[in-house]
Structure formats: structure tokens, C-alpha cells
Enquirer: 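Sharing a structure, written as C-alpha cells. Questions coming.
Both ligands and their constituent atoms are indexed starting at 1 by order of listing.
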Amino acid sequence: MQLIGLTGGIATGKTTASAYLQQQNIPVIDADLLSRQALEPGTSGYQKACRLFPQAVDKGGLLNRGKLGDIIFNDVAARKKLEGIIHPEVQSAIVKTIIWYWFRGYCRVVLDIPLLFETRMDRWMSYTVVITVSGELQIGRLIERSHLTLEQAESRIAAQMPINTKCKLADVVIQNDGDIGALYKLLDVAVVRRWMGNKQILFLSNPPRITPPTTQHCCNIVHKSTLLNYFCFFVSLGTVFFPFPALIMTNAMSVEMPVTPRTNNVSGTATA
Ligand SMILES: CC(C)(COP(=O)(O)OP(=O)(O)OC[C@H]1O[C@@H](n2cnc3c(N)ncnc32)[C@H](O)[C@@H]1O)[C@@H](O)C(=O)NCCC(=O)NCCS
Ligand SMILES: Nc1ncnc2c1ncn2[C@@H]1O[C@H](COP(=O)(O)OP(=O)(O)OP(=O)(O)O)[C@@H](O)[C@H]1O
């Protein structure tokens, strides 16, 4: 099972990338969606959040996500408290969903997790992809999409791990300064074609900044059989408390088949 960690800063394009990958029949687990589900009315998370953050509850008694955002993105202690409620729920949902996809015979899953590095979940990934964008574009896209003021947008960005740090931690960096079509082309190279190598930066600029090293390790991970998948699933059920190590174990049991890279010239694919 190949686990591909997709992350980035706020409004750098993770959701746009995930939607495209899903169109390519690659399953995506969206941590933002799971965290929204953990805060839905009726859940214990919702009740705890209402108790902890009464300032974010509207007159009608409903939790206002915008107000909650204004609180947690300006107060580290409040953010940690909210994360303490939501993250355990999200992480357990992620593990269950991975196992579900595995049971269905998928050999790879993309995990769209904004806090991939902060929560150290990158340790369990086969490789990580960071989507980044220049500061001005990030602010502009965030304000436009979420209808925020400049101050709100800046506080949300400041509350996150600096994007440059994420880029340093990533195996693949996608610079999303171009149009959507250009982003899709970069995703084809970085994920859809399962192109794996050393750290790569896929620039949209012209001329190309980087080409893959000729010694790159390209591999196509293929499961031996669906039967093995079922076997692995039952093994993981036995390891209720440590399902991730079980997934990694079975990853090691997969066959690695070297394939010829589809493209030796990333730039050719990358340029818009
Ligand atoms: C504060 C909340 C209610 C604001 O909701 P809103 O609908 O405005 O934003 P949404 O959930 O779509 O998140 C948008 C983006 O904000 C950023 N973000 C969200 N939570 C955090 C956080 N705790 N730390 C840093 N960045 C965060 C991410 O880049 C995310 O993609 C919400 O973000 C939330 O519940 N956050 C805490 C849970 C969490 O840590 N989620 C991150 C994924 S596990
Ligand atoms: N290459 C692009 N060109 C133009 N607009 C883009 C591009 N990529 C993303 N966008 C736009 O930027 C905004 C933010 O993108 P998106 O919602 O995918 O980011 P995100 O990283 O998922 O955000 P969040 O962290 O809030 O979940 C959206 O309005 C999206 O349509």
C-alpha cells in the first residue's frame, strides 16, 4: 500500500489538487473534510467545542466556524485545545479509511492533510508532496475564496508552519503559481504517473529549472495479489493499536517493479 502525503499552506491548492487526483481514480482522504465531520452538530466534538469556545456560538446556539477560526488562528493555546478535540477523531478516521481502501484492493491512497508535518504523520507516508505558492498569490486566493479581510488572511497564514519549512521537509514540491491546467500537469508527473525520485522541485517557470537525475528510482508498486491484500487486512485488524506499522509492513511486502520513466524532461510536462 503506497501512502502519498499531500500537504501545503492554507489556500495553496490542496483541495484543487485532490479533486483532480480523484478524477484520475486515485482515492483521496481529505483531513479537512474529516475534521469538519468531527465538528458537526450532534457529535461529541461539537458539544466539547461549544463548551470550550462559547464566544464562537451564535445567538441561535450554533457553532460559527468563522468565529472559531478567528479565535484559534490568533491564540495558540485555544488552537491546541481545539486540535486536542478534533485530531484524535480525524486520525482514527484516517486509519479506518486507509484500511477500507486497502480491503477494496487499492494499492495507493493520497492523504490530503494540512498538518501532515506538524502532526508527524509524514513518518507513515511512502512520500510527501507539498503544494506551495508565492506569498502574494496565497493571500489573494485566500481572501477571494474565503471572503476574509487581509488581517484575517494574514493571521491564518501566520498560525501555520512556514511554507518554506514544509518545502524543505517534502519529497516533492509543486509550485502552484501557474494556471489550473499547469497544476494538473505537475500532478500527473508527481503523483498520477507515480514518478518517484529524489527530492524534486517542479517549477512552472520557463526555462526549466530541474530535470530528474538519470539515476532516479522510478518504481511501480504492484500488489502480489488481492489475496495478499485480504491477508494484510486481517493482520492489521490484529494490530488494533498499531495499524500504521502493519501498513508499512505490507508495503515492504509489495513487489517493486522498475519501469522506464514516462518523461525524462519534467519541464516539458510542467510548462503551461
Ligand atoms: C477553525 C476551523 C473551525 C475553521 O474552519 P474553516 O471552515 O474556516 O476552515 P477549514 O476547516 O476549511 O480549514 C481551512 C484551512 O485552514 C488551515 N487550518 C485548519 N486548522 C488549522 C490548524 N489547527 N492549524 C493550522 N492551520 C489550520 C488548513 O490549511 C486548512 O486547510 C477549522 O479549521 C478547524 O476545525 N480547525 C481545527 C482542526 C484542524 O486542525 N484541522 C486541520 C486538518 S486536521
Ligand atoms: N493554479 C491555480 N490557479 C488559479 N486558482 C487556483 C489555482 N489553484 C488553486 N486555485 C484557487 O485557489 C483557491 C484555494 O485553493 P484550494 O481551496 O484548492 O486550496 P487549499 O490548499 O485546499 O486550501 P485550504 O488550506 O483552505 O483547504 C481556490 O479558490 C482555488 O480555486
Enquirer: Check this for me: does any side-chain nitrogen of one of K14 and D30 sit under 4.0 Å from a carboxylate oxygen of the other?
Expert: no
Enquirer: Give yes if a backbone or side-chain nitrogen or oxygen of A11 is under 3.5 Å from a nitrogen or oxygen of ligand 2, and no if not.
Expert: yes
Enquirer: Using a 4.0 Å cutoff against the non-hydrogen atoms of G9, which atoms of ligand 2 qualify?
Expert: 21 (O), 25 (O)
Enquirer: Using a strict cut-off of under 4.0 Å between a residue heavy atom and any atom of ligand 1, list the qualifying protein residues by chain and number.
Expert: I10, K14, D32, S35, R36, L39, R65, L68, G69, I72, F73, R79, L82, E83, I86, H87, P114, L115, Q160
Enquirer: For atom 13 (C) of ligand 2, what's the nearest protein heavy-atom neighbour? Residue, atom name and distance, please.
Expert: R141 CB, 4.1 Å
Enquirer: Kindly identify the option in T15, T16, I174 whose heavy atom sits closest to atom 31 (O) of ligand 2.
Expert: T16
Enquirer: Please determine which of L3, I29, L6, L187 meets the side-chain contact (heavy atoms from CB on, under 4.5 Å) test together with V110.
Expert: L6
Enquirer: Output yes when E89 and K48 qualify as a salt bridge under the 4.0 Å nitrogen-oxygen rule, no when they do not.
Expert: no
Enquirer: Is any side-chain N of the basic residue among R156 and D70 closer than 4.0 Å to the acidic one's carboxylate O?
Expert: yes
Enquirer: Which atoms of ligand 2 have any heavy atom of K14 under 4.0 Å away?
Expert: 18 (O), 19 (O), 20 (P), 21 (O), 22 (O), 23 (O), 24 (P), 25 (O)
Enquirer: Parallel under 30°, tilted from 30 to 60°, perpendicular over 60°: which one fits the rings of Y101 and Y106?
Expert: perpendicular
Enquirer: Quick check on contacts: which atoms of ligand 2 are under 4.0 angstrom from a heavy atom of D32?
Expert: 27 (O)
Enquirer: Tell me whether T12 contacts the main-chain N or O of I131 through its side chain, where contact means a donor paired with an acceptor under 3.5 Å.
Expert: yes
Enquirer: Is there a donor-acceptor contact under 3.5 Å linking the side chains of D112 and S18?
Expert: yes
Enquirer: Could you tell me if any non-hydrogen atom of S18 lies under 4.0 Å from any atom of ligand 2?
Expert: no
Enquirer: May I ask you to check if ligand 2 and G13 share an N or O to N or O distance below 3.5 Å?
Expert: yes
Enquirer: Number the atoms of ligand 2 from 1 as they appear, then name those within less than 4.0 Å of a heavy atom of N176, with their elements.
Expert: 1 (N), 2 (C), 7 (C), 8 (N), 9 (C)
Enquirer: Considering only NZ, NE, NH1 and NH2 on the basic side and carboxylate oxygens on the acidic side, decide whether E83 and K80 come within less than 4.0 Å.
Expert: yes
Enquirer: May I ask you to check if ligand 2 and G178 share an N or O to N or O distance below 3.5 Å?
Expert: yes
Enquirer: Say whether, by atom type as modelled, one donor and one acceptor occur between the side chain of T7 and the main chain of I113 under 3.5 angstrom.
Expert: yes
Enquirer: Any donor-acceptor pair under 3.5 Å linking the side chain of T43 with the backbone of A38?
Expert: yes
Enquirer: Counting heavy atoms only, which of R145, Q175, Q138, E144 comes nearest to atom 28 (C) of ligand 2?
Expert: R145
Enquirer: Do K67 and D58 come close enough that some side-chain heavy atom pair is under 4.5 Å?
Expert: yes
